[in-house]
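Before any comments, here is the structure.
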Amino acid sequence: MSVQISDPVRAGASSLLPFSNTSLLFGVLLVAMTTYFLFWGFGYVNGNHGFIFVLATLFGVFMAFNIGGNDVANSFGTSVGAGTLTIKQALAVAAIFEVSGAVIAGGEVTSTIRKGIVDLSTVAIAPMQFVYIMMSALLAAALWLLFASKRGWPVSTTHSIIGGIVGSSITLGIVVAGSQGAVNLVHWDKIGTIAISWVLSPVLGGAVSYLLYAQIKKHILQYNDKAAAQLAAMREEKRQHRAEHKKAFETLSELQRISYNSAMARDASVIAEPDYSPEDLESDYYQGLHAINQKTHDIDSHRALEVWVPVIAAAGGMVISSMLLFKGLKNMHLGLSTLHNYLIMGMVGATIWMATFIFAKNLKGVSLERSTFLMFSWMQVFTASGFAFSHGSNDIANAIGPFAAILDVLRTGALNSKAAVPSIAMITFGVALIAGLWFIGKEVIQTVGHNLTKMHPASGFSAELAAAAVVMMASLMGLPVSSTHILIGAVLGIGLVNRQTNWNLMKPIGMAWVITLPAAGLLSALAFLFFNSVM
């Protein structure tokens, strides 16, 4: 199928000029923040292994930069493609919520081995060899993400960093314990769950998105289309009524015209009263106009917006708040019980229901199409913001986890099971996330927001809400899923409902999902061999 570039995407892409003021701003900010961190970090690691520290910092920032260009771009692609946000507005929302999620809820400590995917306790490993493993993983994952981003392929950053750690760890195992010992380092059952996620994640995301958007389309969008057609018919009936009245008026005598104009003047005054009675109308023109207005009122065109949208918005607010409470804020240890969380979710849902209902009431004077666009746009911004906060608090660990482990080794000279995460590192990596979204995110945004299927705020909201719901459900059930793959599946679910899906584009994306782990692993293995032999 042929794909046309939508206005928001084209406008956003044209704004990403290499020498624009915004590009200069983010480039200077990224360099300044990284430079400041390097000065701070030399003291933090006590000046140990200065060159390694500089390289590790650059690799970590590079990884965060590419997470922004792929994962964050993927998260905001539906909002930009639907026309809800421009790329600059998405950048502003991402800057606030991604960085806030990373700094506020990113966690004070992190495991030094990502996801427990490898077990290095069975081999004799020097602290600096461990540093080389993590440096190699960061560099390899970042390079793979950059390659995928430039081609517009949304891939899993988690799978990328896991592949990097597995590749460098196996290489170390071969060097230290031989090929058999190296194979035993990897928890292959975890690799199996990743393979399962290639299918499970998009299927779950697509199924939930399909069901949700199908109901929204049936009860809201199609109802609105029918109501809009009826309103158009009423407007045409009014035009015909005026034309017929004008034609009849021209056949009257002069005295009859004077009398009729007087009656119409009195009717015009009567009909301006909010509680007028149709029996008070004298002229057949205003009597007919009243009948048409009554039929227009009986259409109840805003019914779906007032009945269904507040319910869906409330449900969406509860899902997003649950994502924040159970996932986004889990590292803050707020001491909230499960009952507390459910009560907070209930209050959020009730508040959003009331606010959305009032908003819908106030839009009665606005066209139905514009009202629908506005309401779902606000709802989509809300879901995108919540998704961004949760993403910043969790997936920033794909960059900060290995880097924090490196810092801990350089500072203490020993291997520890947990590593502290300095706040300044979170801020630096958060800035790199946003810079990556700005500089290299437009291809992934265009893929997710437009090229897979055409987006509207209602469908974009459905995709984001479905993805958030599946991520929460999978987390509670312990299912192996990828948030990136889930969101792509959700977008495909929208396309299935609209019968407008670019399946040809999914072929390279699906292949990229499969080769992400081995590609990152191979790059990491090569990098480890270099670091281990040269440094």
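Residue numbers count from 1 along this sequence.
A donor-acceptor contact closer than 3.5 angstrom links the side chains of Asn416 and Asp408. For Gln89 and Thr84, the side-chain atoms include no donor-acceptor pair closer than 3.5 Å. Side-chain atoms of Trp438 and Thr22 include no donor-acceptor pair closer than 3.5 Å.
Proximity of a side-chain donor or acceptor of Ser533 to a complementary backbone N or O of Phe530 within less than 3.5 Å is detected. Side chain of Asn341 to main chain of Leu325: no donor-acceptor pair is present (N/O by atom type, distance under 3.5 Å, no hydrogens or angles). At least one donor-acceptor pair closer than 3.5 Å links the side chain of Ser459 to the backbone N or O of His456. Using modelled atom types, one side-chain atom of Ser322 and one backbone atom of Val319 make a donor-acceptor pair closer than 3.5 Å. Side chain of Thr484 to main chain of Ser156: no donor-acceptor pair is present (N/O by atom type, distance under 3.5 Å, no hydrogens or angles). A donor-acceptor pair under 3.5 Å links the side-chain atoms of Asn70 to the main chain of Trp153, judged by distance alone. Checked by atom type and distance alone, the side chain of Thr412 pairs as donor or acceptor with a backbone atom of Ala414 at under 3.5 Å. Here the side chain of Ser201 pairs no donor or acceptor atom with the backbone of His485 at under 3.5 angstrom. Side-chain atoms of Ser149 do not come within 3.5 Å of backbone N or O of Leu146 as any donor-acceptor pair. Under a 3.5 Å cut-off, the side chain of Gln129 and the backbone N or O of Ala126 do form a donor-acceptor pair.
Evaluated for a side-chain contact (heavy atoms from CB on, under 4.5 Å) with Val470, the options Val203, Leu204, Leu487 yield exactly one hit, Leu204.
Separation of atoms OG1 (Thr447) and CG (Leu452) is listed at 6.5 Å; rounding is to 0.5 Å. Interatomic distance, OG of Ser169 versus CD1 of Ile174, reported as 11.0 Å (0.5 Å rounding). A distance of 10.0 Å separates CD of Glu443 from CZ of Arg151, quoted to the nearest 0.5 Å. Rounding to the nearest 0.5 Å gives a distance of 5.0 Å between CG of Leu138 and CD1 of Ile406. In this structure, the separation between CG on Asp71 and CG on Leu145 is 8.0 Å, given to the nearest 0.5 Å. Rounding to the nearest 0.5 angstrom, the gap separating the CZ atom in Phe97 from the CZ atom in Phe76 is 8.5 Å.
Taking each heavy atom of Met426 and Ile400 in turn, the nearest pair found is CE-CG2, 4.1 Å. Closest approach of Ser197 to Ser482, counting heavy atoms only: CB-N, 4.4 Å.
By the 6.0 Å contact criterion, CZ on Phe42 is enclosed, its count of non-hydrogen atoms from other residues, nucleotides or ligands being greater than 12. The neighbour count for Tyr210 OH, taken as heavy atoms of other residues, nucleotides or ligands under 6.0 Å away, does not exceed 12.
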Exercise for review: May I have the step-by-step check of side-chain contact (heavy atoms from CB on, under 4.5 Å) for Met455 and Val448, ending in yes or no?
Suggested key: CA-CA 9 Å; Met455 280 289 169; Val448 177; over 6 Å; no
inquiry  = Working note: Leu85 + Val381, criterion side-chain contact (heavy atoms from CB on, under 4.5 Å); need CA distance, chi angles, decisive distance, verdict.
reply    = CA-CA 8 Å; Leu85 298 173; Val381 169; 3.8 Å; yes
Check your understanding: Under the side-chain contact (heavy atoms from CB on, under 4.5 Å) criterion, do Leu336 and Ile344 qualify, and how do the steps go?
Key -> CA-CA 10 Å; Leu336 296 174; Ile344 293 173; 3.9 Å; yes
| request: Please test Leu437 against Leu433 for side-chain contact (heavy atoms from CB on, under 4.5 Å), starting from the C-alpha separation and ending with a verdict. | output: CA-CA 6 Å; Leu437 172 63; Leu433 274 179; over 6 Å; no
Report the C-alpha separation of Ser79 and Glu464 in whole Å, then their side-chain angles, then the decisive distance to 0.1 Å, and conclude whether the side chain to side chain donor-acceptor pair (under 3.5 Å) test is met. CA-CA 9 Å; Ser79 299; Glu464 291 172 2; 2.8 Å; yes
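Under the 6.0 Å cut-off for aromatic ring centres, Phe429 and Phe403 qualify, their centroids lying closer than that. No close placement of the Phe439 and Phe62 rings is indicated, their centers lying 6.0 Å or farther apart.
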Atom pairs and distances, side-chain donor-acceptor, residues 511-521, under 3.5 Å, sequence neighbours left out:
{"from": "Trp513", "atom 1": "NE1", "to": "Pro154", "atom 2": "O", "distance (Å)": "2.8"}
{"from": "Thr516", "atom 1": "OG1", "to": "Trp144", "atom 2": "NE1", "distance (Å)": "3.0"}
{"from": "Thr516", "atom 1": "OG1", "to": "Ala512", "atom 2": "O", "distance (Å)": "2.6"}

Identify all side-chain donor-acceptor contacts of residues 44-51 below 3.5 Å with residues at least two apart in sequence or on another chain.
{"from": "Tyr44", "atom 1": "OH", "to": "Arg411", "atom 2": "NE", "distance (Å)": "3.4"}
{"from": "Asn48", "atom 1": "ND2", "to": "Val45", "atom 2": "O", "distance (Å)": "3.0"}
{"from": "Asn48", "atom 1": "ND2", "to": "Leu410", "atom 2": "O", "distance (Å)": "2.9"}

